[in-house]
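Working notes, beginning with the structure itself.
This is a predicted model, so every value here is computed, not measured. Note: hydrogens, waters and symmetry copies are ignored here, and every other heavy atom, side chains too, is used.
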Amino acid sequence: MTPAEIIPPMLARLREEHPDAKYELDWTTPFELLVATMLAAQCTDERVNRVTATLFKKYQGPRAFAEADTAELEEDLKPTGFFKQKAKSVQLMSRELLARFGGEVPTTIEALITLPGVARKSANVVLNTAFNMPTGIIVDTHVARVSQRMGLSQKDKPEEIEKDLMKVVAQDEWTFFGPATVLHGRYTCMAKKPQCSTCGMADLCAKNGV
DNA sequence: CTCCCGATAT
DNA sequence: ATATCAGGAG
């Protein structure tokens, strides 16, 4: 099967599996989602949520992060790993937001990726999830793995996988396809022990010789 | 390409 | 002991 043939039935199966696919990060404002997404690098959502539960009470809005004591912020972010990088990125991002965007999270991908610590993946998460804007397709480690296994892309760089996906997935499905495929990758098509025997779309999968 | 980082699964 | 986890920067 070609990618174009796989996508329609794949979307149907994804809809059965995850009827209201949404990101599992906890947030109440676009700014909080942006910060949470930045903290999610190489870290499970569950641990990010554990940290942000107290973090977002302590620091409310970009000004609080911009003016925070860096060493203290590093300590607060420690459980998420890469804490020095993340503290620096979150702080610089907050300052840029105040300096250039009036403290508001921009709503274009071009503007978002100019922020320190924000690339296409994080930008797409914020735009797809908080603003429901189909600016692109989230390609994280899960979407990359599922796309490769199912034969939707032969590329390995997330940005190129995203291009391949954008060609075959209709734009009005982008905000569903991304989050739903993340969940499929997380709970069924796992990195180590994919649950092919119970997978609802095994018959569409290149891994099974389709 | 390497580095950043620690917790958890296998 | 090693791979992996909702990545991005230099």
Is a side-chain N or O of A/Thr114 found less than 3.5 angstrom from the main chain of A/Ala111, in a donor-acceptor match? yes

Check whether any side-chain N or O of A/Glu162 sits under 3.5 Å from a backbone N or O of A/Ile137 as a donor-acceptor pair, and report yes or no. yes

For C/dG8, take OP1 and OP2 only and decide whether either is under 4.0 Å from a side-chain N or O of A/Ser122. yes

Rounding to the closest angstrom, what is the interatomic distance between C/dG8 and B/dA7 at atom P? 23 Å

With A/Arg145 via salt bridge (charged side-chain N to carboxylate O under 4.0 Å, His left out) - residues at least two apart: none

OP1 or OP2 of C/dC5 versus the side-chain N and O atoms of A/Thr141: is any pair under 4.0 Å? yes

Within this structure, what is the NZ-to-P distance between A/Lys157 and C/dG8, rounded to whole angstrom? 15 Å

When the side chains of residues 171-183 of chain A are checked against the rest of the protein, which donor-acceptor pairs come out under 3.5 Å, sequence neighbours left out?
residue, atom, partner, partner atom, Å
A/Gln171, NE2, A/Pro134, O, 3.0
A/Glu173, OE1, A/Arg15, NH2, 2.7
A/Glu173, OE2, A/Arg15, NH2, 3.1
A/Trp174, NE1, A/Val169, O, 2.8
A/Trp174, NE1, A/Ala170, O, 3.4
A/Thr181, OG1, A/Phe177, O, 2.6

Would you kindly give the CE-to-P distance between A/Met93 and C/dG8, to the nearest whole Å? 13 Å

Strictly under 3.5 Å: I want the nitrogen or oxygen pairs between protein and nucleotides 3-5 of chain B, one per line.
residue, atom, partner, partner atom, Å
B/dC5, OP1, A/Lys84, N, 2.7
B/dC5, OP1, A/Gln85, N, 3.1
B/dC5, O4', A/Phe82, N, 3.2

Between B/dA9 and C/dA6, how far apart are the P atoms? Round to whole Å, please. 12 Å

Please report, to 0.1 Å, the donor-acceptor pairs under 3.5 Å made by any side chain of residues 59-67 of chain A, with sequence neighbours excluded.
residue, atom, partner, partner atom, Å
A/Tyr59, OH, A/Asp76, OD2, 2.7
A/Gln60, NE2, A/Lys57, O, 3.3

Could A/Arg186 and A/Asp140 be called an ion pair, given the rule that one side-chain N must be under 4.0 Å from one carboxylate O? no

If only atom types and distance count, is the side chain of A/Lys88 paired as donor or acceptor with the main-chain N or O of A/Pro116 below 3.5 Å? no

Rounded to the nearest Å, what distance is computed from the CD1 atom of residue A/Ile137 to the P atom of nucleotide C/dA6? 19 Å

If I pick the P atom on C/dA3 and the same atom on B/dT2, what distance separates them, to the nearest angstrom? 14 Å

Would you mind telling me which residue lines up with the more 5' stretch of DNA chain C, A/Thr44 or A/Ala119, judged by nearest nucleotide? A/Thr44

In whole angstrom, what separates A/Met190's CE from C/dC5's P? 11 Å

Mind checking A/Val125 for me? I need base, sugar-phosphate or nothing, with any heavy atom below 4.0 Å counting as a touch. nothing

Give a yes or no on whether a salt bridge exists between A/Glu160 and A/Lys163, defined as a side-chain N under 4.0 angstrom from a carboxylate O. no

Over all strands shown, is A/Ile138 touching base, sugar-phosphate only, or nothing at heavy-atom distances under 4.0 angstrom? nothing

If only atom types and distance count, is the side chain of A/Lys86 paired as donor or acceptor with the main-chain N or O of A/Thr80 below 3.5 Å? yes

With nearest nucleotides of DNA chain C determined for A/Leu25 and A/Pro116 from heavy-atom distances, which residue corresponds to the more 5′ nucleotide? A/Leu25

Which residue pairs satisfy the side-chain hydrogen bond (donor to acceptor under 3.5 Å, both in side chains) criterion with at least one member in residues 125-138 of chain A, sequence neighbours excluded? A/Asn124-A/Thr135

Nearest whole angstrom, please: distance from the P of C/dG8 to the CE of A/Met38. 9 Å

Find the distance A/Leu112:CG to C/dG8:P and express it as a whole number of Å. 11 Å

Atom CG of A/Leu39 and atom C1' of C/dC5: how far apart are they, to the nearest Å? 14 Å

Could you tell me whether A/Arg145 contacts a base, only the sugar-phosphate backbone, or nothing, with contacts defined as non-hydrogen atoms closer than 4.0 Å? sugar-phosphate

Could you list, one pair per line, each protein nitrogen or oxygen that sits under 3.5 Å from a nitrogen or oxygen of nucleotides 7-10 of chain B, together with the distance?
none

